[in-house]
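Take a look at the following structure, please.
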Amino acid sequence: MRKTDVIIVGSGCSGLYCALHLPENMNITIITKASVEESDSYLAQGGICVLKNDEDFDAFFEDTLKAGHYENDRDSVEIMISSSRDVIQDLVEYGVEFSRDGDGNFNYTREGAHSESRILFHRDVTGKEITSKLFCEAQKKKNITILENTTMLDIIPHNGECCGIVAAFPDGSIDAVYADYTVLACGGIGGLFRNTTNFRHLTGDAVAVALLHGIQTMNLDYIQIHPTTLYSDRAEERSFLISESVRGEGAKLYDKNMKRFVDELLPRDALTEAIKAQMEKDGTDFVHEDLSVISEEELDEHFPNIVKHCFEQGYDVKKECIPVVPAQHYFMGGIKVDHSSRTSMKRLFAVGETACNGVHGRNRLASNSLLESLVFAKRAAFEMKEKPALETDFPEVDVSHYEDREALAESYKKLVLDEIERLKKEKKN
């Protein structure tokens, strides 16, 4: 029998940050479906929002609500914004480096639907900078064990509580992992879609498990499309994202006649609709994005990886436009949680993109994702600190039920997609 105090499913920023805020006398096991580096947290380009001064609170709050079509949970939004400075301080103490000016003050950038520049960044790889530093910290902790290429197949419910998971290990074995607390930090659902900026193995497993066991979910049909990914007529594992920050720094969008057709700083859903409408009008598969209006110095300093990737694909962004097209990007829905990231099942928590606490409403404000994930992962850790260990005889698990992993994976994908379609039809009617 495998036993740990806390099992965290997912090694992105929310899972790692949660683990780092748990007491060192708790044994923590983190599993991840692929390698640690293959989480969407590593792919986040633009940055992380922060309340840079007290005067910006109302505007930050309103920008988040406006982007979310006022369907946001206002208490969740207030918690996120109010906690942002503490999170940034934690990250700096972990060694995260954000862009600063010559005097050592933070540089702030702006993205679509923001009324102010309030986004901290590290070139165009902010997610990688944050998550890699969290990973380094986790590796230093003797009480944290990280298992790569290990897949959650199910949770283990018992008397209305979650007492662990069933997992498939790299050697092919399937076993129960019992735990006092289980944290689902499994990322998004991009792998369910043909065009996505997500890693392909992120297929909404946690949402499927929640649906299977009657755990409350929320807004599963709220799926954000990123307006600008690099167009390719070749089949690729995932779409390469052209950060919203480039538009925040002045990049323009043109139609087939190289005419500007939209306000580039619209919220993502509105901009996506404008781009789709323009492509339909023009009869094209993409629109053009012009980064050459940004200074070469700014491109090299702020967006080196975008510049490099585009060059490798045959585009010199300093001299020519690139073709861009919308693609699935982010999941605003998920497993319903409260302000401490508790699900409707006792001893089961959900954090990050897997969870839905209502912060984002119907549409996420740019660069709120990293912040929201970290704020509520920390709150989950504090909640677990205060609770006693699980006192029960752990139930035996028949692992033979999970031996056909391919069939199980397909059934989970169908379960999630069917529920998304059901919700869409329900709202149309």
Side-chain angles (χ1 to χ4, degrees), residues 12-22 41 44 46-94 96 98 105-111 113-121 126-127 130-131 133-134 183 185 218-219 267 330 332 334 336-343 349-386:
C13 68
S14 62
L16 293 169
Y17 195 64
C18 180
L20 289 170
H21 283 89
L22 288 165
S41 295
I48 180 171
C49 294
V50 64
L51 179 65
K52 63 180 181 180
N53 55 55
D54 292 341
E55 291 72 28
D56 187 40
F57 185 95
D58 289 345
F60 191 171
F61 190 87
E62 173 62 19
D63 289 348
T64 300
L65 263 61
K66 186 177 181 180
H69 298 270
Y70 298 95
E71 294 186 22
N72 320 63
D73 181 302
R74 292 177 180 235
D75 290 337
S76 292
V77 176
E78 183 174 354
I79 289 168
M80 179 188 72
I81 296 173
S82 300
S83 306
S84 63
R85 292 177 187 167
D86 288 340
V87 166
I88 297 303
Q89 183 59 40
D90 283 347
L91 296 180
V92 171
E93 290 177 1
Y94 291 144
V96 174
F98 294 112
N105 300 311
F106 287 136
N107 287 320
Y108 297 92
T109 190
R110 181 184 172 201
E111 297 184 359
H114 284 270
S115 59
E116 300 287 342
S117 297
R118 62 172 69 92
I119 299 167
L120 297 177
F121 61 94
T126 308
I130 291 172
T131 313
K133 294 296 171 60
L134 294 177
V183 182
M218 181 176 174
N219 298 341
Y330 195 81
M332 278 82 63
K336 185 178 181 180
V337 295
D338 65 11
H339 297 139
S340 295
S341 298
R342 293 175 296 196
T343 72
F349 294 77
V351 296
E353 198 172 349
T354 295
C356 183
N357 52 45
V359 158
H360 304 305
R362 184 147 52 98
N363 176 59
R364 177 175 64 87
L365 180 68
S367 287
N368 264 350
S369 53
L370 288 170
L371 177 61
E372 179 271 322
S373 293
L374 298 175
V375 166
F376 289 92
K378 189 174 184 177
R379 293 175 72 86
F382 287 164
E383 181 70 17
M384 286 181 274
K385 282 182 183 179
E386 305 300 323

### Message
With a 4.5 Å cut-off on side-chain heavy atoms, are Thr126 and Leu120 touching?
### Response
no
### Task
Give the intermediate values and the outcome of side-chain contact (heavy atoms from CB on, under 4.5 Å) for residues Met384 and Leu22.
CA-CA 8 Å; Met384 286 181 274; Leu22 288 165; 4.0 Å; yes
### Query
Any idea which heavy atoms bring Asp338 and Asn357 closest together, and the distance?
O-CB, 4.4 Å
### Query
So how far is it from Ser115 OG to Lys66 NZ, rounded to the nearest 0.5 Å?
8.5 Å
### Task
Assign the ring pair Phe106 / Tyr108 to parallel, tilted or perpendicular, where the plane angle (0 to 90°) is split at 30° and 60°.
perpendicular
### Query
Can any side-chain N or O of Ser367 pair as donor or acceptor with the backbone N or O of Gly46 at less than 3.5 Å?
no
### Message
Taking salt bridge (Lys or Arg N to Asp or Glu O under 4.0 Å) as the cut-off, I'd like each qualifying pair that reaches into residues 354-377, sequence neighbours left out, listed once.
### Response
Glu71-Arg362
### Summary
Separation between NZ (Lys133) and OG1 (Thr131), nearest 0.5 Å, reads 11.0 Å
#### Entry: Separation of Ile48 CD1 from Ile88 CD1 (nearest 0.5 Å)
4.0 Å
### Query
Is there a donor-acceptor contact under 3.5 Å from the side chain of Lys52 to the main chain of Ser117?
yes
### Message
Testing the basics here: between Asn72 and Val359, what is the closest heavy-atom pair and its distance to 0.1 Å?
### Response
ND2-O, 2.7 Å
### Phe60: partners by ring pair (Phe, Tyr, Trp, His ring centres under 6.0 Å), with sequence neighbours left out
none
### Query
Distance from Tyr330 atom OH to Glu353 atom CD, nearest 0.5 Å?
4.5 Å
### Query
Say you draw a straight line from CG of Asn363 to NE2 of His69; how long is it, rounded to the nearest 0.5 Å?
5.0 Å
### Query
Less than 4.5 Å apart, any side-chain heavy atom of His114 and any of Leu365?
yes
### Query
Taking C-beta and beyond as the side chain, do Cys13 and Leu374 meet within less than 4.5 Å on heavy atoms?
yes
### Query
Going by heavy atoms in the side chains, are Phe57 and Glu55 under 4.5 Å from each other?
no
#### Entry: Heavy-atom side-chain proximity of His360 to Thr64 below 4.5 angstrom
no
## Note on the structure
Looking only at heavy atoms, the pair that brings Ala185 and Thr354 closest together is C-OG1, 3.8 Å
## Note on the structure
Scanning both residues in full, the closest heavy-atom pair of Cys356 with Asn219 reads SG-ND2, 4.1 Å
### Query
Just wondering, do Ile79 and Arg379 contact through their side chains at under 4.5 Å, heavy atoms?
yes
#### Entry: From Cys49 atom SG to Phe121 atom CZ, the distance as rounded to the nearest 0.5 Å
13.0 Å
### Query
Closest heavy-atom contact between Leu370 and Ala44?
CD1-CB, 4.0 Å
#### Entry: Glu383: side-chain hydrogen bond (donor to acceptor under 3.5 Å, both in side chains) partners, not counting sequence neighbours
Arg342
### Message
Quick test of your reading of the model: are Asp86 and Lys378 salt-bridged, counting only N-O distances below 4.0 Å?
### Response
no
#### Entry: Any Ser83 side-chain heavy atom under 4.5 Å of Phe376 side chain
no
### Query
What residues form a side-chain hydrogen bond (donor to acceptor under 3.5 Å, both in side chains) with Lys336, not counting sequence neighbours?
none
### Task
May I ask you to say whether Arg85 pairs ionically with Asp54, meaning some side-chain N is under 4.0 Å from a carboxylate O?
yes
#### Entry: Any side-chain heavy-atom pair of Val50 and Leu371 under 4.5 Å
no
### Message
Looking at every non-hydrogen atom in both residues, tell me the closest pair between Leu134 and Tyr94 and how far apart they are.
### Response
CD2-CD1, 3.5 Å
### Task
Report the residues that fulfil side chain to side chain contact (heavy atoms under 4.5 Å, CB included) with Thr343, sequence neighbours left out, ordered by chain and then residue number.
Ile215, Ile335, Val337, Met345, Leu348, Ala350
### Task
With sequence neighbours excluded, tell me which residues meet side-chain hydrogen bond (donor to acceptor under 3.5 Å, both in side chains) with Ser76.
Asp73, His339
